[in-house]
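Working notes, structure below.
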Number of protein chains: 2
Amino acid sequence: MATTSDFERMLRSAALRVTRPRVAVLGAVDAHPHADTDTIIAAVRRHLPKVSHQAVYDSLHTLTEAGLVRRIQPNGSLARYEARVGDNHHHVVCRSCGAIADADCAVGAAPCLTASDDRGYSIDEAEVIYWGLCPDCSTPRDS
Amino acid sequence: MATTSDFERMLRSAALRVTRPRVAVLGAVDAHPHADTDTIIAAVRRHLPKVSHQAVYDSLHTLTEAGLVRRIQPNGSLARYEARVGDNHHHVVCRSCGAIADADCAVGAAPCLTASDDRGYSIDEAEVIYWGLCPDCSTPRDS
DNA sequence: GTCATAATCTTGAATGAGTCAAGAAAACGG
DNA sequence: CCGTTTTCTTGACTCATTCAAGATTATGAC
């Protein structure tokens, strides 16, 4: 498991200042994959009760820009963040309860990166969201 | 090009009541692929100046549920709609200007539909967004 | 260690896409 | 043409996110 000094190192190597809020946000995102902003704020405040929501928003933006966290936002849901970056994995989202799980990509390291017709765009990333029902929602038990 | 009676027929076969706002919304989405809600409202009002924004929101929801239009919402952007449905095509989004283009799927009719590990989810759709730069943004001309 | 400077955080207000609710109007089956 | 049910209008409201100004803090140089 990642420690505080790991997070500090990550910040430094991204040329970012090491501040308590940032370390806490990085830790919260790492500990709660796919959490929305409110959840992250709550998690951060468990360690630093006084951080403002704004500091968390700022940190998330900065960390996202630096590539230390990734922002995802499936149709109609709030912004969510995850610390697993750089491995081009994808997500499975439950249509019913909104649960999100990771899905490794079927085809190598940077897959699907080729659209059949790229319309002249220079593509650098393919983001895939699988929609379906999670195990809990797909076996309806009327209780 | 699709006509008003085409739209009426589509509504009827989806078991939806045929109302002027709905026909106009369907037409606007068909005429402005990937438009956001404001654009659609504006387009609708060119034909029916008095429609409320609420009627447009309602229509879009209803049409989306009926599968006559599709809602897409790339990271951080507003909700956008398109009338091209049922052919499992994907989208290319420009990181710089936000332009969206269609991209046909490389691998058959319902491609990518298999994650390497589906985590127990029953997947019914794979949504792919290619991120990159559009032709205009990738050839920077400093004028 | 101390200082200066620039980045970051706090506080509190504002923005704006989208939703809610109640009554008026329109669509459809008979 | 009528009654019922759905849909539309109007207008207020929510709430995630952003903006702004001043107070704090991190960092590199001395």
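Just so it is clear, the model here is predicted, and its values are computed rather than measured. Proteins come first, then strands; the chains are lettered A, B, ... in the order of their sequence lines, and each starts at number 1.
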_So, does A:His53 get its side chain near the phosphate of C:dC9, meaning an N or O under 4.0 Å from OP1 or OP2?_
no
Margin query: Within the 4.5 Å heavy-atom criterion, are B:Leu68 and B:Val85 side-chain neighbours or not?
Written below: no
Could you tell me whether the side chain of B:Cys97 reaches within less than 4.5 Å of the side chain of B:Asp136, counting heavy atoms only? no
- Query: Within a radius of less than 6.0 Å around CZ of A:Arg20, do more than 12 heavy atoms belonging to other residues, nucleotides or ligands occur?
  - Reply: no
Taking C:dG12, C:dC28, C:dA6 as options, the one with an atom nearest any side-chain atom of A:Arg17 is C:dA6
Rounded to whole Å, CG of A:Leu48 lies from P of C:dT8 at a distance of 17 Å
TODO: May I ask you to evaluate whether B:Arg22 reaches the phosphate of D:dT7, defined as a side-chain N or O under 4.0 Å from OP1 or OP2?
DONE: yes
* With a 3.5 Å cut-off and no angle check, do the side chains of A:His34 and A:Asp102 form a donor-acceptor pair? -> yes
Taking D:dT9, D:dA16, C:dA26 as options, the one with an atom nearest any side-chain atom of A:Leu78 is D:dA16
Of B:Arg71, B:His32, B:His89, the one forming a side chain to side chain donor-acceptor pair (under 3.5 Å) with B:Glu82 is B:His89
B:Lys50 atom NZ is separated from C:dA24 atom P, nearest whole Å, by 16 Å
CG (A:Leu26) and CG (A:Asp6) are apart, to the nearest 0.5 Å, by 9.5 Å
Comparing A:Val51 with B:Val18, nearest DNA chain C nucleotide closer to 5' gives the residue A:Val51
query = Under 4.0 Å between a side-chain N or O of B:Thr62 and OP1 or OP2 of D:dT7?
reply = no
Answer yes or no: is there a side-chain heavy-atom contact under 4.5 Å between B:His90 and A:Glu127?
no
Report task. Under 4.0 Å between any heavy atoms, over every strand shown, what does A:Thr19 touch: base, sugar-phosphate, or nothing? Just pick one. Result -> sugar-phosphate
Checking C:dG12, D:dA16, C:dC28 against the side chain of B:Arg12 (C-beta onward), the nearest is C:dC28
B:Ile41 atom CD1 is separated from D:dC8 atom C1', nearest whole Å, by 14 Å
Taken to the nearest whole Å, OH/A:Tyr57 to P/C:dT10 is 15 Å
On DNA chain C, more 5' by nearest nucleotide between A:Arg20 and B:Arg20 is A:Arg20
Value for OG1 (A:Thr62) from CZ (A:Arg17), rounded to nearest 0.5 Å, stands at 12.0 Å
Rounded to whole Å, CG of B:Asp58 lies from P of C:dG18 at a distance of 13 Å
Rounded to whole Å, CG of B:Leu16 lies from C1' of C:dG29 at a distance of 17 Å
Computed from five pairs at either end and rounded to 10 degrees, the angle between the axes of the helix from C:dG1-D:dC30 to C:dG30-D:dC1 is 50°
N/O (side chain, A:Ser59) to phosphate O (OP1/OP2, C:dT8) under 4.0 Å: no
B:Tyr81 atom OH is separated from C:dA17 atom P, nearest whole Å, by 13 Å
Any side-chain N or O of B:Thr37 below 4.0 angstrom from OP1/OP2 of C:dG18? yes
Here the distance between atom P of C:dG23 and atom CD of B:Gln54, to the nearest Å, is 17 Å
